There are 2 protein chains.
Amino acid sequence: MKPKITLKDIAKELDVSISTVSKALKNSKEISKDTKDRIKAFAKFYNYRPNNIALSLKNKRTKNIGVVIPDIVHHFFTTVFRGIEMYANQMGYNVIVCISDESFDKEVINMEMLANGSIDGFILSLSAETQRKNDFTHLKELLDQGIPIVLFDRVTEEIACDKVILNDKVISTEAVEHFITAGANKIALVTTENFFNVSESRKEGYLQALKDNGMTVNQDLILTLPHSLDNTNLITEFFQQNEIDAVLCVNEIFAVQCMSVIQQLGYNVPNDISIIGFTDGILSKYSSPKLTTVAQHGEKMGEKAAKFLIDRMESLEMEEAPFKTEIINATLIKRGSTIN
Amino acid sequence: MKPKITLKDIAKELDVSISTVSKALKNSKEISKDTKDRIKAFAKFYNYRPNNIALSLKNKRTKNIGVVIPDIVHHFFTTVFRGIEMYANQMGYNVIVCISDESFDKEVINMEMLANGSIDGFILSLSAETQRKNDFTHLKELLDQGIPIVLFDRVTEEIACDKVILNDKVISTEAVEHFITAGANKIALVTTENFFNVSESRKEGYLQALKDNGMTVNQDLILTLPHSLDNTNLITEFFQQNEIDAVLCVNEIFAVQCMSVIQQLGYNVPNDISIIGFTDGILSKYSSPKLTTVAQHGEKMGEKAAKFLIDRMESLEMEEAPFKTEIINATLIKRGSTIN
DNA sequence: AAAAGTTACGAAAACGGTTTCGTGTTAATA
DNA sequence: TATTAACACGAAACCGTTTTCGTAACTTTT
C-alpha cells in the first residue's frame with residue numbers, strides 16, 4: 001500500500017511550502033531552478049498526480065459530462081454514446097452515463113444528482129415518458145442554473161438549447177422514393193405507437209413521398225405496433241390482409257421481423273416485397289438478404305453533440321452564442337432487401 | 001439565471017454562521033428549533049443541495065465508480081454495463097465509463113485519469129491488447145494505492161481481486177452434449193484467434209465434451225476466424241470442405257454467419273446442421289430459425305460485479321476480506337437452430 | 001449567591017489544490 | 001552608501017462542506 005501523495009506531503013518532506021511545490025510543478029519562474037528540480041524529481045519518483053476533486057472544487061469545473069439516454073442496449077444509442085465518449089475523452093473530459101430507462105422520474109432524479117457539481121454539462125435524449133408528459137421543467141431548471149444541455153435525436157422545441165437531430169423526414173421520403181423508382185406502388189409503413197417525434201417525422205416523410213408522387217394514402221397500409229412485444233401475429237395478419245410490395249420500417253427490429261414473416265408467407269425479398277429499415281446495426285448487416293437501411297451515423301451525432309457541449313462550456317461566461325441545431329444527414333445503405 | 005446556492009449564501013442571508021446552517025440542515029439538536037425552521041425554509045425555497053464535489057473532497061469518497069470496457073457496441077458488454085449501472089445507481093453511485101477500444105494504452109491512460117480522485121473503484125474487462133501483452137502493472141499500481149478493482153469476463157490470474165466470470169467451459173460442454181444427444185457426431189467449433197481466456201475456455205469445454213463422449217478430435221473441424229472482417233469466404237470453404245452436422249460458435253455473429261452460409265449452401269438448419277452460438281442478443285432472437293444460444297446473463301454479471309465493488313468500498317478500511325470469484329451460470333436457450 | 005450544567009451558536013481546521021500578495025535577501029543602480 | 005530592483009519563497013485566502021471544540025448566556029442546583 002502506497003497511498004496517493006499530496007502537495008502537502010511533498011512540501012513537508014522537502015521542507016518547503018505547499019505553494020512552492022505547486023508552483024515548481026507548474027514550472028513557475030518564481031521558483032529557482034534548483035528547487036524546481038528537487039521538487040520535480042521527488043514528485044516524479046512518488047508519481048504525484050494532482051487530485052481531480054480538489055481541482056474541480058477550485059476551478060468550479062469537473063471536466064465530466066453527463067449523458068442521459070433512455071436505453072443502452074440499443075444499437076443507435078450505443079453508437080451515439082461511443083461518439084460522445086471518443087470526442088469527450090480526446091478533449092480531456094470523462095463521461096458519466098445514466099440510463100433513464102424511458103422513465104421520467106429516473107431522468108429527473110439522475111439529472112438532479114449529477115447537477116449538484118458532478119458534471120459541467122449534459123447530453124441527453126429524452127425518455128419516452130418525458131416526451132409523453134411533455135414536462136421539461138427539470139431541463140429548464142438546469143438551464144436556469146447555467147448548466148448547458150445538448151439534446152440529440154429525441155428533442156423538443158420547448159427547450160432552447162443546442163440540438164443534434166437526424167433528417168428523419170427527408171430520408172424517409174428518399175427511402176420511399178427508392179421503392180417507387182423500383183416500381184413499387186403499394187408501399188406500407190410499420191411504425192411505433194409512441195409519441196416519439198422521430199417516428200412522427202418518419203411517417204411524415206413517408207406521406208410526403210406518396211404525395212409527391214401522386215399516390216394516395218391508404219391507412220390500411222400503415223401498421224402501428226405496440227412497444228416491445230412479440231408482434232409476429234400482428235405483422236403476419238398485416239401482410240396477409242393487404243397487398244403490399246414494399247415496406248418501410250422505423251427500426252431494424254421491425255424490418256427483420258417483417259422480413260421473417262414475409263419469407264414465411266412464401267414471398268421473396270426483395271422481388272415480391274422490398275424492405276427498408278432504420279438503424280444500420282448488426283441485424284441489418286447479418287440478415288439474409290442483408291437489409292437496405294437508413295444509417296443514422298450515431299457516432300457522428302454523438303461527436304457533434306459532444307462538440308456542441310464542450311464548445312459552449314469552454315466559451316466560458318460569454319454564453320450568449322445563439323443555440324444551434326445540427327442536422328445529421330442520414331444515408332440510405334442499399335443492400336439486398338430492395339431492388340437496384 | 002439563478003445559480004446554485006451555497007451554505008455561505010444562506011449563512012450570510014440569514015445572518016448566522018456557516019456551521020449553524022450546516023448543522024441545521026442536518027437536523028442537529030445543537031440548533032434551536034426556531035433557527036432550524038428558518039434555515040430549512042430558506043434552503044428549501046432556494047432549492048439548496050450540497051455540492052457533490054465539496055462532499056467528495058471532505059469525505060474522500062466520490063460515490064463514482066469507473067467502468068472500463070473494451071467496447072460498448074457489443075451486446076454482452078452493453079448488458080453487463082446496464083447491470084452495473086442499475087445496481088450502482090440504486091446504491092447511490094454514479095458510473096463513469098471509459099472505452100478501452102481493445103487498446104492497452106487507452107486502458108492505462110483512462111484508468112490513471114480516473115484514479116486521481118474521480119472514482120472510488122473500478123470494474124473492468126481487460127482489453128484484447130492487455131491480454132495479449134500480459135502486462136497488468138497498471139492494475140497492480142491501482143490496487144497498491146488502495147483502489148479496489150473488480151474484473152469481469154476477461155480476467156487474469158495475475159491480479160488478486162474480486163472477479164465475476166462465466167462458466168464458459170462447462171456451458172460449452174453442455175452445448176456440445178446437446179448436439180450429441182440429438183445424434184450429431186461431426187461437431188465443429190468456430191472460434192476467434194485472439195488470446196481471450198473466454199475463447200480458450202469455450203474451446204476446452206468443446207474438447208472436453210468430445211472426450212467425455214469418446215469422440216476423437218478432428219482439428220479440421222475447428223475454424224479460427226480473424227477479428228472483425230468479412231469471414232463469409234472462410235466459413236463457406238469450411239462447410240464445403242468438411243462434413244459437419246453441428247457447429248458451436250463462440251459468439252452470435254459467427255453463429256448467424258454460419259447459418260447464413262449453411263442455408264446458402266442448400267442445407268437445412270437444424271435438420272442437416274445444428275447451430276449453437278454464444279450471447280443471447282438480437283441476432284439470435286430475430287434470425288430464422290431463431291438461434292439456440294448460450295445466455296451469458298450479462299446484467300446479472302454486472303450487478304454482481306457492482307455489488308462486489310460496493311461491498312468492498314463500503315467495508316471501509318477492514319479491507320482484509322478475502323477476494324472472491326463469482327461464477328455466473330450461463331444457460332442454454334434452446335431454440336430453432338438445434339433439434340429438440 | 002456561587003457552582004455547575006444546558007443551550008445555542010460561532011471559530012477554525014480539514015479535505016487538496018491554485019493564486020495573489022507580501023517580504024526577507026541579495027544584486028544592481030545612483 | 002543609500003535606494004531600488006530582482007529573486008525566491010511563504011502566508012493566507014479561496015473553492016463548499018463537515019465537524020470538533022470553545023464559549024457566552026441562561027438555567028438549574030445547592
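Note that the structure is predicted; figures quoted are calculated from it, not measured. Heavy-atom basis, side chains included; hydrogens, waters and symmetry copies ignored. So you know, we letter chains A, B, ... as the sequences are listed, proteins then strands, and number each from 1.
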What is the separation between atom [atom1] on [X] and atom [atom2] on [N], rounded to the nearest whole Å?
X	N	atom1	atom2	answer
Ile31(B)	dG10(C)	CD1	P	7 Å
Leu25(B)	dT17(D)	CG	P	10 Å
Ile39(B)	dA8(C)	CD1	P	13 Å
Lys58(A)	dC15(D)	NZ	C1'	6 Å
Asp37(A)	dA8(D)	CG	P	12 Å
Ile10(A)	dT18(C)	CD1	P	11 Å
Leu14(A)	dC9(D)	CG	P	11 Å
Asn52(B)	dG16(D)	CG	P	13 Å

Side chain of [X]: nearest nucleotide among [options]?
X	options	value
Ser17(B)	dC15(D), dC9(D), dA11(C)	dA11(C)
Thr20(A)	dT18(C), dG16(D), dG10(D)	dG10(D)
Leu55(A)	dG17(C), dC9(C), dC15(C)	dG17(C)
Val16(A)	dT18(D), dG17(C), dG10(D)	dG10(D)
Lys23(A)	dT18(D), dG17(C), dT19(C)	dT19(C)
Ser19(A)	dG16(D), dG10(C), dA11(D)	dA11(D)
Leu7(A)	dC15(C), dT18(C), dG10(D)	dT18(C)
Ala54(A)	dG16(C), dC9(C), dG16(D)	dG16(C)
Lys8(B)	dT20(C), dT17(D), dC15(D)	dC15(D)

Does [X] make a side-chain N or O approach to OP1 or OP2 of [N] shorter than 4.0 Å?
X	N	answer
Thr35(A)	dA8(D)	no
Lys33(B)	dA8(C)	no
Lys60(B)	dG16(C)	yes
Ser32(B)	dA8(C)	no
Lys26(A)	dT18(C)	yes

Checklist entry - Which atom names give the shortest non-hydrogen contact between Gln131(A) and Leu126(A), and what distance separates them? => result CG-CB, 3.8 Å
Indicate yes or no: does [X] engage [Y] in a salt bridge with an N to O separation below 4.0 Å.
X	Y	result
Asp162(B)	Arg312(B)	yes
Arg82(B)	Asp71(A)	yes
Arg154(A)	Glu102(A)	yes
Glu13(B)	Arg38(B)	no

Checklist entry - Are a donor atom and an acceptor atom from the side chains of Ser32(B) and Thr35(B) found within less than 3.5 Å of each other? => result yes
